[in-house]
Amino acid sequence: MDQDFRAQLYGGSRLTTAEVLYYLPDHPSLLQSFVWQTYDVAPKFPRLHEFLDHWRREIEAVIHSVRVAHSGLVKPAEWRNADVRMTLD
């Protein structure tokens with residue numbers, strides 16, 4: 001059995017997505033985005049906290065904000081087609 005699947009069934013882990021908005025010290029007016037996914041346990045999110053602690057220690061980019069999305073129960077994957085076209089002017 002896959003380790004991540006086992007963690008979902010028996011450990012309460014769920015797919016967690018974190019979007020980190022950050023800026024580099026030499027460009028403080030330019031926000032950049034980094035998306036990271038892992039299996040983690042809500043509401044304490046120990047793996048996410050470990051990742052953010054590593055970021056603060058090892059990466060020179062300054063975290064502006066973090067947005068977290070967390071899936072609920074173990075279920076079959078869902079797929080939806082987004083029929084959208086967007087342009088930037």
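Just so it is clear, the structure is predicted and the values come from calculations on it, not from any experiment.
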Enquirer: Could you walk me through whether Glu50 and Asp53 pass the side-chain contact (heavy atoms from CB on, under 4.5 Å) check?
Expert: CA-CA 5 Å; Glu50 182 180 319; Asp53 289 342; 5.7 Å; no
Enquirer: If you group Ile, Leu, Val, Met, Phe, Trp and Tyr by side-chain heavy-atom gaps below 4.5 Å, do Val41 and Phe45 land in one group?
Expert: no
Enquirer: Kindly compute the distance separating CD1 (Ile59) from CZ (Phe34), expressed to the nearest 0.5 Å.
Expert: 7.0 Å
Enquirer: Got a second to check how far Glu60's CD is from Leu24's CG, nearest 0.5 Å?
Expert: 8.5 Å
Enquirer: Tell me whether Asp40 contacts the main-chain N or O of Thr16 through its side chain, where contact means a donor paired with an acceptor under 3.5 Å.
Expert: no
Enquirer: Cluster question for you: counting only ILVMFWY and a side-chain heavy-atom cut-off of under 4.5 Å, with indirect links fine, are Val68 and Leu52 together?
Expert: yes
Enquirer: Enter the distance from Tyr23:OH to Leu31:CG here, rounded to the nearest 0.5 Å.
Expert: 8.5 Å
Enquirer: Between the side chain of His49 and the main-chain N/O of Lys44, is any donor-acceptor distance below 3.5 Å?
Expert: yes
Enquirer: Can you check side-chain contact (heavy atoms from CB on, under 4.5 Å) on Thr38 and Thr17, steps first, answer last?
Expert: CA-CA 7 Å; Thr38 189; Thr17 304; over 6 Å; no
Enquirer: Rounded to the nearest 0.5 Å, how far does CZ of Arg67 lie from CG of Leu21?
Expert: 7.0 Å
Enquirer: Quick check: closest heavy atoms across Ala61 and Pro25, and the distance to 0.1 Å?
Expert: CA-CD, 4.5 Å
Enquirer: Look up atom OG in Ser13 and atom NE2 in His70, then write down how far apart they are to the nearest 0.5 Å.
Expert: 8.0 Å
Enquirer: How many angstroms lie between OG in Ser65 and OH in Tyr22, if you round to the nearest 0.5 Å?
Expert: 12.5 Å
Enquirer: What heavy-atom pair brings Val66 and Ala18 nearest, and what distance separates the two atoms?
Expert: CG1-CB, 4.3 Å
Enquirer: Quick check against the 3.5 Å criterion: does Trp55 have a side-chain atom that pairs as donor or acceptor with the backbone of Val62?
Expert: no
